[in-house]
Structure formats: structure tokens, C-alpha cells
Amino acid sequence: MAQTVKFWKKGDFAASFGLFVNVLTDFLVMISLLIGVVGMPKEFVFKQIVPGFGLAVLLSGIVFAYFAYKLAKKTGRTDVTALPSGSSSPGIFLIVFVIMLPLYHQTQDAAFTTTVAILWGFVESGILFLGAFLGETIRKIVPRTVLLAALAGLAFVFLGMNPMLQSFEMPVVAFVALIIIFMNWLSKHPILKKIPTGLLLIVVGTAIAWIAGYQNPADVTEALKSFGFNPPMLHLTGFADSFNAALPYLLTAVPLGLANYIFNLENVEAAAVSGDEYKTRDVMLTNGFCTLIGNLCGNPFPVTVYVGHAGWKEVGAGLGYSIASSAAIFLISIFSLMGLLLAVVPIAAIVPMLVFIAIVTGHQVVKESPKFEAPAIFVCFFPWVANWALVAVNNALSAAGVSVGEAANQVSSLALHNAGLFYDGLVALGNGAPISSVLWGCIAVFTIRNTPIGGIIAAVLGAVLTLVGAIHTTTIGFAQATAMPFVWGYLLIAVFLAYKLYVNKKDNIGPVTE
């Protein structure tokens, strides 16, 4: 007898709200950057870009739920969890600061600037389309420990660290949410079992915040002023006129496209480890098509598989959370109500859920990786920590009204070095983190396994990617002066590993398996 697939489970409530807030946070960052930093008219952002993004997230969320439904029907399982869908956080910052900010300041034309960024998005979608047919092969080649560890590094710094910092800005609310999470989701003996933990967090946190005076009724009134109906519309004009202007930027789409591609691979692998085996090709094509549809509706920002599948599975999520969270994002996007929810519900009551997701994602790699490969986990973390610190430093400079270039003119690298801030190292290690974390993880794992040939390939690939400016540099370019030391460094790694390969063959030394 066929198993009935439930579209809504108890755990879907907490998961839908947690994923929704995570994507909403990125959404609000995107809007604030476009309006507050780039300087685009608020009306243009809310009428064109926001609805297109909401539509892309909705479509991907529905398709991912459908994939989960098919998997549940095929296997007869009742514990299948849909992949989470959301925005590409690195993509938001790169598109805004590399393309839209300088171009809008030159032209003061929001439509033209956005069209150029959309053309950039076409390239990224193309990378996902092409890569869809290589995904399974790459998953077989790249060690599972590396894919999971690189994802855990991203989760730790961006999904865990930022929410934890936000929690410590409002401890009266967040600490209560954290202890409820520890008791109900980390412990085997939860309290108030009949109440969904997600609902409990929101109700208790919101009540404490309003009683303590953290929430302001005036903010609710102000948020309602942005209300309006702005459905997504096709924007198919201006591409030919914008192509020449877009050409200098199109190459920069390649590293982000590769990073987004790897990011999707990591999340598919994490889902497989949790028991939900999705076809990499289907996932890649879905993200490519949904991003492309968002592009055609005036939104330049890509969608991706969001981090946290293991965490949502841990809280009992199934299919419904994917549809509910993406539908909520779509509704607030077409009615311009992004700020209303956060005016009512304090962010400190919600972000501890994301801390939990980061913890579970990190625990997954430790649990699923061979013990002797554990050192490689921490190797994968370094590029992500540097990337997080680099973003934090650059954002702090921007908030102070100082560009990175101006800061470089005023303060030398030596002065920063003497003050304990290795900024040049942050730039080199932090740029291209999604790719370099995987490369360094591969070098470490293959060395630990005593299979040098894999490390040689990873090192040579690192040299090639650095040579063209895909990693360790701020701009795309061939054989840049700042890149060449890293190119030679990778090649030296390859030489030493080649010598190790020779020694292994000479002394008949085999791979390490435990």
C-alpha cells in the first residue's frame, strides 16, 4: 500500500519561519544596500527588483518541495525533507558593490544599471546550466569530508556567527530563545512538547521584547506606509543597448558562478548524507531556470540551495516548510511589507534558530567524516573565517563613509600589520572562499589519505584559478602582480606532492584508510 505523503508536519512551522527569516534578512540587506548605499530610488527597487526576486524564490521553493514529494513517493519514507531555497548572500554583495554601485554613480540610471547586472546574471545561470551535467561526477571526485566541511565553514561564520552577535545585542530576548532551543532541539528531554518549538520561540521572544520596551509601535506604523501591490512583470527591453556596458563586468560572473555551483553541490551532498538523495542535475537546472526567470522579471540577484538542510531535518521539517517560507517571501515582496514583520517580531527571537542550524551543519561534518580526516575540516574553515572578517572590515569602512581605496591611501598595510590586522592576508584568503575552501580541503584530505595525485590536481587547479583572478584577488585579470606569488605557491605544493608520489611508489607505500 502506497504511503500517503503529508504536505505539512509539526516541524514545518519552526523550519518555515526560520528559513523565512534567514532569507528575509538577506532580502532586507539587499534592499538597504540598493537604496541606502547605491542610492537607487525606493520606488524602482520595490516595483521592479523586489517582486522579481520574490518570484524566483517562490518558484525554486515549490520545485524543491516537488522533488521532495517525488522522493517520498519513490522511497515510501515519511521523513523526507525538502531542500531549502533562498538567496545567494555572496552574490548580493558582489553584484551591488562590483557592478551596481559604480555604474549607478556614473549614469544615475537605475533601469540601465539593473539591466547590466541582469546580463551579468545570465552568465551565472549559464554556468549552472552547463555544470548541471557535471555535478554527480564532481561529487564523486571531491571527498565528502571536504564538501561538508566547506559548507560547515560557511554556516559557522555567516549562518551562526552573525546571528549569535545579533543575539548578544538583545540578550534578554535571545538568551531565552537559545535555552529553549538547547532544551527542545539539542536535548532529548524537551519541555512543553505539545507546542511547536518554533511557535514557542516566537511567542515568548515577542512577548518579552514588547514588555521590555524593545519593540516600538511607531515602527509598525512606519512599516505599513510602504504597503503597495507590485506584482512581478517581464522586463525584456534594453538588453542590446546595455550589452557593451556589461562586457567589462561579465568575467566577474565566472568566479561567483563557480562558487554558487560549488555551494549547490555542497548542499546536495549534505542532504544526501542526511538521507535525502536528490539529483544534482535537477537541482542545478532548477536554480538556473529560477534565477533566469527572476532576471527576466527585473531582478539581478541569483537564488540557490540555502544552507541548513540537516538542521531543518533535525527539527522535523518535511515538504511544507519549503513552500510556506518561499510563499511568504513572495507575498511580502509584492506587497512591500519586508519591514512589517520585523517591526512586530524581534529579530533576537528568531536568529537563535539560525545559530542552531549552524551547529547542526557543523555537527554533521564531524559525525559523517572519518576521524583521521578531521584536521581537514578546520583547514576548510580558514577561508570562510577570512571572508567573514573581510566583509566585516569593509562594511565597517563603508559605514564610516570611507572606501577601501581611501583607507589604503590613508593607512599602509605595514601600519595595519603592526596593529595586528593582517588586511592583505584577509583580502587574499577571503576572496574566493567558496572555491579556495574546497581546494585547500582537497589538498589536506588527499595528503592525509596519502594519495598525492588528488592533491596535485587540486594544487594545479588552484594555480590556474589564481592565475586568472578567480581566487585570492579582488578583480578578474590574467597574471596580476598580487596573484603570482600564490600561483607559484600552489605550484610548489604540487612539486612537493609529486615528490611524495615518487616516494610512495619507490617504497611501495599505499593509501591511508583509517
Side-chain angles (χ1 to χ4, degrees), residues 22 25-26 29 88-94 97 142-143 145-168 255-256 258-260 262-263 266-267 270 306-308 310-311 351 354-366 369 373-398 404 413 416-417 419-445 448 458 462 465-466 470-474 482 486 489-490 493:
N22 205 358
T25 302
D26 282 344
V29 168
S88 169
S89 302
I92 291 173
F93 287 98
L94 187 59
F97 287 105
V142 179
T145 297
V146 174
L147 289 174
L148 295 180
L151 183 64
L154 166 67
F156 177 76
V157 295
F158 284 105
L159 201 60
M161 194 62 188
N162 284 342
M164 185 61 92
L165 293 176
Q166 288 175 293
S167 297
F168 272 70
L256 181 64
L258 291 173
N260 199 21
I262 290 172
F263 185 52
E266 292 165 349
N267 280 290
Y306 219 85
V307 63
V351 292
L354 308 182
V355 175
F356 167 75
I357 299 302
I359 292 170
V360 172
T361 304
H363 180 243
Q364 184 186 46
V365 62
V366 173
S369 301
E373 293 181 1
I377 296 172
F378 303 98
V379 173
C380 292
F381 271 45
F382 284 118
W384 281 116
V385 173
N387 183 269
W388 179 83
L390 180 64
V391 170
V393 170
N394 289 345
N395 286 350
L397 291 173
S398 297
V404 176
S413 295
L416 292 173
H417 187 281
L421 177 61
F422 305 104
Y423 186 77
D424 290 343
L426 280 182
V427 172
L429 184 56
N431 277 301
I435 300 173
S436 60
S437 63
V438 172
L439 289 174
W440 277 96
C442 286
I443 291 171
V445 165
I448 292 169
L465 290 172
T466 307
I471 55 176
H472 303 316
T473 61
T474 56
T482 55
F486 300 100
Y490 278 118
I493 289 176

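Annotation: side chain of Val438 is not in contact with side chain of Cys380 (no heavy-atom distance under 4.5 Å). Within the 4.5 Å cutoff, the side chain of Tyr306 has no heavy atoms near those of the Asn267 side chain. Under the 4.5 Å side-chain criterion, counting only non-hydrogen atoms from C-beta, Met164 is not in contact with Phe156.
Within 6.0 Å of atom CZ in Phe381, more than 12 heavy atoms from other residues, nucleotides or ligands are found, so the atom counts as buried in its surroundings. In this structure, Phe382 places its CZ atom where only 12 or fewer heavy-atom neighbours from other residues, nucleotides or ligands lie under 6.0 Å away.
Of all non-hydrogen atoms in Val379 and Gly441, the two that sit nearest each other are CG1-N, 4.4 Å. Counting all heavy atoms, side chain and backbone alike, Gly430 lies closest to Asn387 at O-ND2, 2.8 Å. The two residues Ser436 and Ile471 have their closest heavy-atom pair at N-CG2, 4.4 Å. Val146 and Cys442 get closest at one heavy-atom pair: CG2-N, 3.7 Å. Taking each heavy atom of Pro163 and Val355 in turn, the nearest pair found is CB-CG2, 3.8 Å.
Between the Trp384 side chain and the Ala150 main chain, a donor and an acceptor come within less than 3.5 Å of each other.
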Between Leu439 and Leu465, does the side chain to side chain contact (heavy atoms under 4.5 Å, CB included) criterion hold? Intermediate values first, please.
CA-CA 10 Å; Leu439 289 174; Leu465 290 172; 4.0 Å; yes
Derivation and outcome, side chain to side chain contact (heavy atoms under 4.5 Å, CB included), residues Trp440 and Ile493:
CA-CA 11 Å; Trp440 277 96; Ile493 289 176; 3.6 Å; yes
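In this structure, the separation between OG1 on Thr466 and OH on Tyr490 is 5.0 Å, given to the nearest 0.5 Å.
Applying side-chain contact (heavy atoms from CB on, under 4.5 Å) to Leu426 and the options Asn431, Leu390, Val385 leaves one that passes, Leu390.
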